[in-house]
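What follows is one structure encoded as structure tokens, with my remarks underneath.
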2 protein chains.
Amino acid sequence: MSALTNAIELLRCFSTARPDLSFADVVAITGKPKSSTSRLLRSLRDCGLLEQDPHTRRYRPGLLTFELGRLHRAHDDLIGTAERELREVCARTGHTGYIAVLDGHEQVVLRIVPGSNPLRVVNPPGQRTSALATSNGRAMLARLSDQDIRARVPGTFPRLPRNAPQNFKQLMERLSEIRRTGVSEASDEAIEGVGSQGFALASGETGELIGIAVSYSVQATTAAERANVRRELAAMAGKLRRMTGDPLGQTGMPLRTGAGAR
Amino acid sequence: MSALTNAIELLRCFSTARPDLSFADVVAITGKPKSSTSRLLRSLRDCGLLEQDPHTRRYRPGLLTFELGRLHRAHDDLIGTAERELREVCARTGHTGYIAVLDGHEQVVLRIVPGSNPLRVVNPPGQRTSALATSNGRAMLARLSDQDIRARVPGTFPRLPRNAPQNFKQLMERLSEIRRTGVSEASDEAIEGVGSQGFALASGETGELIGIAVSYSVQATTAAERANVRRELAAMAGKLRRMTGDPLGQTGMPLRTGAGAR
DNA sequence: TGGAACGGTTCCAAATTATGGAACGTGGTC
DNA sequence: GACCACGTTCCATAATTTGGAACCGTTCCA
């Protein structure tokens with residue numbers, strides 16, 4: 001295990017749930033020896049990847065991560081293009097839009113487009129959640145090979161909220177339905193009372209995969225409104241697939257556009 | 001030189017000017033042996049600190065930097081408080097506001113508050129510039145000890161635009177004027193045609209230091225308007241210093257508030 | 001006041017890891 | 001077909017990391 005690997009393991013202890021950690025926290029989380037952790041934390045601080053509060057002595061991500069984070073895919077056309085389209089849909093429907101990428105069996109929110117409807121934003125950019133319990137997460141997974149999916153999901157299936165798949169078999173059923181219908185939906189899963197619909201978009205050039213979703217309050221939304229969202233998403237998916245050269249846009253596999261689905 | 005040091009040196013090659021780099025670029029910039037660079041780039045990619053475009057094979061900051069960057073000072077009260085005040089001033093004056101921190105002799109933009117006046121935003125968050133040529137950069141430096149400043153400025157004084165200090169002596173003159181008057185101003189320095197006024201704010205608890213500036217077009221602004229900005233900044237500085245326990249707010253060193261300065 | 005637990009750092013020999021020059025692909029291009 | 005730019009792999013040497021144990025300073029509690 002290289003020094004870099006250890007450093008990364010340490011950096012990965014930080015999350016939105018725990019944006020700052022003490023030395024003891026890190027030792028407890030990683031289980032590494034105190035001496036190694038002490039040295040490594042200092043190195044990371046000295047090089048700018050971490051900062052240390054001079055008063056509490058707690059560590060947090062440093063200036064360098066901020067700078068680099070601002071650079072991340074700043075130039076990326078796929079995400080920018082998708083975001084523009086998503087903004088229009090969100091403006092029309094009033095709902096909240098998300099763009100995320102896959103990382104293993106999890107996803108990370110890249111962009112959020114707040115809707116005009118009052119729905120508390122609980123997933124700011126940078127938020128990491130299970131991709132198994134979201135509409136756009138599953139939409140992304142549905143575009144991978146079964147063996148790739150198998151490799152991404154941990155041996156012991158993660159514990160997920162009630163309406164989400166509870167085991168690998170249920171997951172695969174949801175994914176094959178997405179593959180069949182082109183529609184991915186989640187309701188009352190990752191977040192209580194929130195539903196969403198999403199799809200995955202792949203760049204024809206780079207193969208890069210992103211997930212786009214529109215989310216809304218389940219109880220404040222009628223079936224007709226949800227059907228409207230489905231139409232909006234189908235139109236957006238079609239347009240974006242043409243624009244980005246998504247292979248799925250060319251193999252003639254359309255999103256179901258009628259209101260008949262359910 | 002530790003493995004981590006090398007990794008950081010490599011990460012620091014990326015900037016807003018060069019958000020993605022090829023293997024050869026990195027070798028050219030760092031001057032390191034090809035073999036070491038090749039291995040290190042792959043390690044950084046494998047651990048998520050870098051991404052590699054599958055088509056062009058160029059490297060760019062990875063998902064992990066994005067996640068960590070979102071965490072950076074997410075909880076920070078000093079910056080949040082300052083930003084709220086700055087928003088009000090920018091709303092009143094129509095000018096563009098900046099919050100930055102010092103890193104060596106450079107500064108990094110943390111927040112930007114776009115004004116209503118049309119002035120192209122050239123310094124997005126994450127932008128790194130010389131702190132010697134900006135109003136808030138010099139305001140921060142002015143609060144450090146002379147020996148600390150000496151240690152931060154490189155041996156060979158950096159080449160700066162015409163109106164900026166051209167050598168260490170000129171810099172110290174500008175800084176002592178800031179210390180004396182409490183006013184920091186820049187005009188036609190880092191950016192052609194742009195002027196700014198700024199001040200530094202230190203947290204009484206943590207000692208953390210940030211620089212706050214308001215910038216405007218030099219030719220589109222009258223002397224009266226600039227005097228108004230000075231008043232606004234003085235009021236904001238006073239209020240923030242009281243709120244954050246800035247030592248400078250207690251030692252009775254006020255910002256000049258009258259319109260008489262110049 | 002003693003002392004035990006907590007939080008964190010330093011030390012040092014052993015072992016793993018990085019290093020970089022050279023050789024080796026792999027396309028493109030003249 | 002030779003040449004060049006770009007990039008990777010190899011391998012003995014050199015350097016760094018590693019982690020148990022000792023250590024230092026606070027805090028908490030009896």
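Residue numbering restarts at 1 for every chain, and letters A, B, ... go by the order of the sequence lines.
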Problem - pair Y59(A)-V26(A): side-chain heavy atoms closer than 4.5 Å - result: no

Practice task
State, with a plain yes or no, whether a side-chain heavy atom of L141(A) is found less than 4.5 Å away from one of V153(A).
Solution key: no

Problem - Lys/Arg-Asp/Glu bridge criterion (N-O < 4.0 Å) met for R150(A), D146(A) - result: no

Practice task
Identify whether the distance between the nearest side-chain nitrogen and carboxylate oxygen of R241(B) and D246(B) falls below 4.0 Å.
Solution key: yes

Can you check the [X] [atom1] to [N] [atom2] distance for me, whole Å?
{"X": "F23(B)", "N": "dG25(C)", "atom1": "CZ", "atom2": "C1'", "value": "14 Å"}
{"X": "Q52(B)", "N": "dG7(D)", "atom1": "CD", "atom2": "P", "value": "9 Å"}
{"X": "R42(B)", "N": "dC6(D)", "atom1": "CZ", "atom2": "P", "value": "19 Å"}
{"X": "L10(A)", "N": "dG8(C)", "atom1": "CG", "atom2": "P", "value": "13 Å"}
{"X": "L41(B)", "N": "dG7(D)", "atom1": "CG", "atom2": "P", "value": "9 Å"}
{"X": "R58(A)", "N": "dC6(C)", "atom1": "CZ", "atom2": "P", "value": "17 Å"}
{"X": "R45(B)", "N": "dT8(D)", "atom1": "CZ", "atom2": "C1'", "value": "12 Å"}

Completion exercise
CG (D46(A)) and CG (L41(A)) are apart, to the nearest 0.5 Å, by 10.5 Å

Practice task
Find the bend of the helix from dT1(C)-dA30(D) to dC30(C)-dG1(D) as the angle between its two terminal axes (five pairs each), to the nearest 10°.
Solution key: 30°

Handout entry: Any donor-acceptor N or O pair under 3.5 Å, side chains Q127(A), T16(A)
Key = yes

Handout entry: D25(B) side chain to S22(B) side chain, donor-acceptor N/O pair below 3.5 angstrom
Key = yes

Exercise for the section: For each nucleotide in nucleotides 17-24 of chain C, reading 5' to 3', give B when a protein heavy atom comes within less than 4.0 Å of its base, S when such contact involves only the sugar-phosphate, and - otherwise. Expected result: SSBBB---

Handout entry: Sole residue of I112(B), I99(B), I79(B) in side-chain contact (heavy atoms from CB on, under 4.5 Å) with L86(B)
Key = I99(B)

